[in-house]
Amino acid sequence: MQTTENARSTTGTRTRVTDVNPQSGMCPICIEECPVLCEVGKSAFRGREVLYPSVESFGTSTASSNKDYLLDWSHFQILAELIGAYGIEPNPDKAFFENADVRSQIASASRHPIKLSIPFVLPGLGSTPVAKRNWESLAKGAAMSGIIQTVGENVCGMDPDATYANGKVVCSPDLEFRIKTYREFWDGKNGEIAVQTNVEDQRGGVDEYALSKLEVNVIERKWGQGAKAIGGEVRLDSVERALELKKRGYLVLPDPEDEAAVEAFKAGAFRTFERHSRVGFPDRRSFVEDVESLRRRGAKYVFLKTGAYRPEVVAFTMKCASEAKIDMLTFDGAGGGTGMSPVPMMNEMSTPTVHLEAQLLSCAKMLRAQGRFVPDLVMAGGFVNETQAYKSMAMSNIGGGPLIKAIGMARAPILTAMKSTYFARMSQEGKLPKSFSDEYTSDPNNFFLMAPEIARKHPRSNVGKDIPWGAVGLYTFLDRVATGLKQLMAGSRKFKLENLARDDICALSTYASQVTGIDTFDAMASRVMPGILESWDD
Ligand code: SF4
């Protein structure tokens with residue numbers, strides 16, 4: 001495996017030669033007069049700054065780890081079926097992939113489950129600039145696609161126009177905007193908009209404000225994310241902003257009240273302050289009481305999002321979620337992304353997604369055996385397409401249909417919003433790459449495949465203006481993912497998501513099988529083939 005210890009694109013570093021020491025990542029001969037910035041070398045100048053994804057791209061990029069975890073969704077293969085069909089009449093005129101049903105639901109135990117047109121959610125896109133810059137596209141694209149979107153943590157705290165009274169938020173135009181933009185294109189039947197709250201948000205009364213003033217139906221508590229096991233962080237590019245955020249209770253580094261730090265900032269020694277959120281210390285009893293209190297205060301649904309903590313914590317989280325009977329529990333595995341997380345932490349810490357899913361399924365089995373409630377689950381952490389979604393959901397069917405009701409994706413949707421906005425701008429400026437415009441024309445109404453459908457569905461809205469091109473791009477991407485999922489389902493003759501089963505996938509290695517309990521091809525073959533050839537009664 002290629003080492004990333006001393007050179008990675010995420011920190012903007014490379015080595016002088018490529019045949020590096022496989023353990024340290026250093027050039028085998030490290031020379032005195034080397035002009036190249038490897039990670040150790042760059043750290044001699046920029047120190048702690050090198051812990052983070054390239055500072056220059058902050059706000060206009062997302063970042064993830066680039067480590068090979070030796071087990072991912074590509075280590076499983078989806079099985080194709082020929083005989084019979086599930087969820088549809090086995091009739092050649094009916095068993096067409098377009099007829100596969102990819103609708104799902106969350107809070108399925110409640111009297112009013114949240115319907116999803118497709119089994120995806122956009123989890124926790126909050127105050128980080130890349131989420132804010134692309135919010136309108138993401139919210140409108142998610143709403144038009146009938147999926148859940150969550151406003152991530154710290155939005156009120158970071159809102160420069162927010163008003164606080166006695167430490168509690170009483171007005172946040174930004175949070176209001178986030179909810180309004182989603183609802184503008186929400187059909188009121190499929191999907192929902194949730195507000196996520198962390199330690200600072202709870203202290204600042206964000207849940208109360210969202211429930212009472214903005215009439216939000218869903219509050220999500222946040223215990224973590226897959227990319228890092230410390231609180232959320234963003235960069236602040238002025239002393240005034242750093243001071244404001246410190247005043248609102250955030251941890252700001254360096255201290256903007258320290259004159260020496262301010263002088264260094266003004267002299268250009270560093271260009272941004274870091275704003276950090278606190279980590280919480282969940283306790284089972286108080287979590288259950290908190291969920292009850294949220295419900296009493298008007299939350300129709302309560303979600304929980306957590307990261308990729310150690311196995312005991314996975315079990316603890318499932319226990320808490322079961323007892324509190326929460327409506328949706330999202331586990332976010334290592335391998336996913338973020339607006340800003342320390343690069344070494346993204347690479348080297350937390351449980352990769354497939355391992356995490358295997359752990360939470362073991363917990364679900366134990367809860368089931370005890371006759372306890374298992375909440376609807378969402379898996380996140382590096383998902384970008386329908387094949388991964390299929391495998392994750394199929395793996396989670398431990399009886400009675402997949403426990404994983406939807407897949408959380410953040411980086412891929414942000415990518416579609418950024419790319420679409422950029423290409424639409426290049427089209428306006430006549431700067432589209434020639435190869436692109438030759439192939440797809442230079443008119444966004446043509447080069448976005450789904451633009452005509454969106455215009456037809458929303459005749460009173462101007463596509464490209466009321467519906468930004470970023471939203472069109474997200475919608476178009478999600479249509480591809482949904483169509484791809486339908487094709488895979490039809491290929492395995494499973495026409496409803498509830499039909500997806502663990503034996504619809506095979507492990508490509510004994511290690512993948514050992515971790516997940518999914519059969520390897522040879523194990524499955526020796527299990528099922530004799531039964532077919534030994535019986536001739538059919
Ligand atoms: S400083 Fe040494 S290890 Fe780093 S790139 Fe130069 S030669 Fe290689």
Side-chain angles (χ1 to χ4, degrees), residues 1-72 74 128-130 225-237 252-255 258 260-261 263-276 308 333-353 355 381-382 384 411 414-415 418:
M1 185 173 36
Q2 175 86 34
T3 179
T4 52
E5 293 307 316
N6 195 30
R8 24 192 169 200
S9 57
T10 32
T11 55
T13 55
R14 64 188 179 88
T15 48
R16 184 176 58 82
V17 298
T18 52
D19 60 337
V20 294
N21 175 316
Q23 185 162 304
S24 69
M26 282 180 67
C27 302
I29 301 178
C30 178
I31 59 172
E32 192 174 287
E33 294 191 345
C34 173
V36 175
L37 287 183
C38 58
E39 194 163 303
V40 177
K42 189 172 178 184
S43 300
F45 302 112
R46 304 308 303 168
R48 56 191 297 162
E49 211 172 85
V50 188
L51 288 171
Y52 288 97
S54 295
V55 177
E56 310 76 50
S57 303
F58 176 70
T60 53
S61 66
T62 63
S64 78
S65 96
N66 56 354
K67 179 173 174 177
D68 179 355
Y69 294 120
L70 305 178
L71 179 60
D72 59 52
S74 73
T128 196
V130 70
Q225 58 273 301
K228 60 174 171 264
I230 52 178
E233 44 198 324
V234 295
R235 295 192 174 280
L236 309 167
D237 57 11
V252 180
L253 297 175
D255 183 354
D258 175 351
E263 259 173 49
F265 177 80
K266 287 184 176 159
F270 64 99
R271 274 179 254 150
T272 51
F273 290 85
E274 296 163 15
R275 186 234 66 198
H276 296 269
T338 169
M340 175 181 169
S341 293
V343 169
M345 183 175 268
M346 284 199 286
N347 278 26
E348 303 298 332
M349 188 171 235
S350 301
T351 310
T353 304
H355 288 274
V384 297
R411 273 187 99 209
I414 292 175
L415 179 165
M418 293 194 297

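In listed order, ligands and their atoms are each counted from 1.
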Could you check whether any side-chain heavy atom of [X] comes within less than 4.5 Å of a side-chain heavy atom of [Y], counting everything from C-beta outward?
X: N66; Y: T4; result: yes
X: P342; Y: I230; result: yes
X: T62; Y: L415; result: no

Check each protein residue for a heavy atom under 4.0 Å from ligand 1 and list those that pass, ordered by chain and number.
->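 Answer by chain and number: N6, T15, R16, C27, I29, C30, I31, C34, C38.
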Could you walk me through whether Y52 and E274 pass the side chain to side chain contact (heavy atoms under 4.5 Å, CB included) test, one step at a time?
-> CA-CA 11 Å; Y52 288 97; E274 296 163 15; 3.9 Å; yes
Identify the heavy atoms of Q23 and N21 that sit nearest to each other, and give their distance.
-> N-OD1, 2.7 Å
Just by modelled atom types, is the I29 backbone N or O under 3.5 Å from a matching donor or acceptor in the R16 side chain?
->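 Between the backbone of I29 and the side chain of R16 there is a qualifying donor-acceptor contact (under 3.5 Å).
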